[in-house]
Amino acid sequence: MRILRSRSFRASVSDSNYHFNVGFRRFVTSCRAVVLPRFGGPEVLELRPNVNVPDLKPHEVLVRTRAVSINPLDTRMRSGYGRSIFEPLLPLILGRDVSGEVAAVGDSVRGLSVGQEVFGALHPTAVRGTYADYAILSDEELAPKPASVTHVEASVIPFAALTAWRALKSTARIAEGQRVLVVGGGGAVGLAAIQISVAKGCHVTTTCGKQSIDRVLAAGAEQAVDYTAEDIEFVIKGKFDAVLDTIGGPETERISINFLKRGGHYMTLQGEAASLTDRYGIAFGLPVATAVLLKKQNQYRCSHGIEYWWTYMRADSEGLFEIQKLSEAGKLNIPVEKTFSITQVIEAHEAKEKKQIHGKVVLKFD
């Protein structure tokens, strides 16, 4: 790791190896990072000792990483998902979630201070991810870490919770007393969606595997249906104001939409924008994806009177602060199943790839 004097940033970091003083205004210029040089299996990941740390822009924050979670997006990107976007930018750094301490801030950052514990998540298309000793995020992508949780526990919350938040609060605008159906409630996004809906005063039904029944009921779901053993079309009764589908697929989509009231919202995490762009290239794929989405939206407005959306995570500073409050109050929790050192990143990805670990996996930085 290299450090350099600068007048452009306010910085103060101390750890087991380095100490930077405020008066000297030093900042990190290189650090360890897990690099993806090409698409492939877990074996393509490389932990490099001296990866460049770019200069901070005015609204950016340098975070000393303590823990990052492995999201499905990470393993999919590693395998080539989003190839049309990311291949020209290789090598890149994976990772979206982060929990750590503020090491330095850009000149325009006012809400965060050096040494403060923070957590947050990058946008899905970010090229320099968080699998690094030092991550860079905008000030809108970070919030104070909930004091009641550890860095490991905090690192699994932002990306999943913001994905659910955007669907339920920004798109469907759920309100107290409404009914919400979460398809696939056992995963991180599903669990976050259940807890966000319950905190809003909604009545939640969810589908999940047998191993997740107790967990989703503890999260606040009023009904949990084991989709592997029960016919959800027969077991689930009544209509819903919003459906968040974390599974996707034509059959799941058909069933979910038939559960909606007129005026309700169907939101799926399995939108076709990335796959169509990969198939046809950005220039042709994005217009095709837009046309497909518009066709479905018009189709379902006419046939069912509902709103249809592909939903993705995006930075939302207001949402992240509300998520922080829910977590601090013990109303939003995503369990961590296993923790690996960053030096074991290949083993961690292999375990997720082989489905040896179904819950959240975290990479710790020593």
Side-chain angles (χ1 to χ4, degrees), residues 69 71-73 96-97 121 124 156-209 211-227 232 236 239-249 252-253 255-257 259-261 264-271 306-316 318-327 329-336 358-360:
S69 74
N71 285 294
L73 180 61
R96 293 295 171 264
D97 287 310
V156 302
I157 296 173
F159 194 84
L162 282 169
T163 302
W165 182 274
R166 181 183 183 188
L168 297 169
K169 300 297 289 290
S170 301
T171 300
R173 299 184 181 279
I174 57 172
E176 184 177 357
Q178 290 187 330
R179 297 189 74 207
V180 175
L181 172 62
V182 179
V183 180
V189 175
L191 279 172
I194 293 169
Q195 293 170 90
I196 289 169
S197 300
V198 169
K200 189 64 178 177
C202 296
H203 305 284
V204 181
T205 295
T206 188
T207 67
C208 60
Q211 72 278 4
S212 300
I213 294 289
D214 291 342
R215 181 177 292 178
V216 299
L217 290 174
E222 296 177 4
Q223 181 182 18
V225 179
D226 177 2
Y227 71 93
I232 64 175
I236 298 176
K239 296 289 186 177
F240 294 84
D241 299 281
V243 175
L244 176 57
D245 179 4
T246 73
I247 306 299
T252 304
E253 181 175 302
I255 293 170
S256 299
I257 284 173
F259 275 126
L260 278 168
K261 300 176 181 178
H265 290 261
Y266 170 81
M267 299 148 293
T268 177
L269 302 187
Q270 308 304 325
I306 61 99
E307 298 297 322
Y308 177 98
W309 302 96
W310 295 342
T311 190
Y312 307 94
M313 176 273 181
R314 70 176 179 187
D316 183 333
E318 179 182 349
L320 187 57
F321 273 90
E322 289 300 318
I323 288 165
Q324 187 262 353
K325 291 179 183 177
L326 289 175
S327 178
K331 297 180 179 180
L332 202 166
N333 171 57
I334 299 174
V336 176
H358 296 285
K360 290 296 289 184

Does [X] use its side chain to pair, donor to acceptor, with the backbone of [Y] at less than 3.5 Å?
X	Y	value
Thr246	Val183	yes
Gln195	Asn333	yes
Ser197	Val180	no
Thr206	Val182	yes
Asn71	Leu73	no
Arg179	Lys239	yes
Glu307	Tyr266	no
Arg215	Gly186	no

Quick check for you: to the nearest 0.5 Å, what is the distance between [X] atom [atom1] and [Y] atom [atom2]?
X	Y	atom1	atom2	answer
Ile232	Phe259	CD1	CZ	5.5 Å
Tyr308	Ser256	OH	OG	10.5 Å
Arg166	Asp316	CZ	CG	9.5 Å
Leu168	Asp241	CG	CG	11.5 Å
Gln270	Ile247	CD	CD1	7.5 Å
Gln223	Ile213	CD	CD1	9.5 Å

Open item on the list: Test side-chain contact (heavy atoms from CB on, under 4.5 Å) on Met267 and Asp245; report intermediate values, then the result.
Closed with: CA-CA 6 Å; Met267 299 148 293; Asp245 179 4; over 6 Å; no

Surrounding [atom1] of [X] (heavy atoms of other residues, nucleotides or ligands, distance under 6.0 Å), is the total greater than 12?
X	atom1	answer
Lys261	NZ	yes
Lys200	NZ	no
Glu318	CD	no

Open item on the list: Going by side-chain contact (heavy atoms from CB on, under 4.5 Å), Ile157 matches just one of Ile323, Asp97, Leu326. Which one?
Closed with: Ile323

I need the minimum non-hydrogen distance between [X] and [Y], along with the two atoms involved.
X	Y	result
Ala188	Lys360	CB-CD, 3.8 Å
Ile194	Ala221	CG2-N, 3.7 Å
Gln178	Ile174	OE1-CA, 3.3 Å
Gly177	His203	O-CD2, 3.5 Å
Gly248	Thr268	CA-OG1, 4.1 Å
Cys208	Val216	SG-CG2, 3.9 Å

Task: Over-ring placement of Arg96 relative to Phe159, 6.0 Å and 45° cut-offs - done: no

Open item on the list: Run Leu162 and Met313 through side-chain contact (heavy atoms from CB on, under 4.5 Å) and show every step you take.
Closed with: CA-CA 6 Å; Leu162 282 169; Met313 176 273 181; 3.7 Å; yes

Task: Aromatic ring pairing His265/Trp309, orientation class (parallel under 30°, perpendicular over 60°, tilted between) - done: parallel

TODO: Under the side-chain contact (heavy atoms from CB on, under 4.5 Å) rule, what do Ser170 and Arg314 come out as? Steps first, then yes or no, please.
DONE: CA-CA 11 Å; Ser170 301; Arg314 70 176 179 187; 4.3 Å; yes

Open item on the list: Please determine whether side-chain contact (heavy atoms from CB on, under 4.5 Å) holds for the pair Leu181 and Leu244, giving the CA-CA distance in whole Å, both sets of side-chain angles, and the decisive distance to 0.1 Å.
Closed with: CA-CA 6 Å; Leu181 172 62; Leu244 176 57; over 6 Å; no

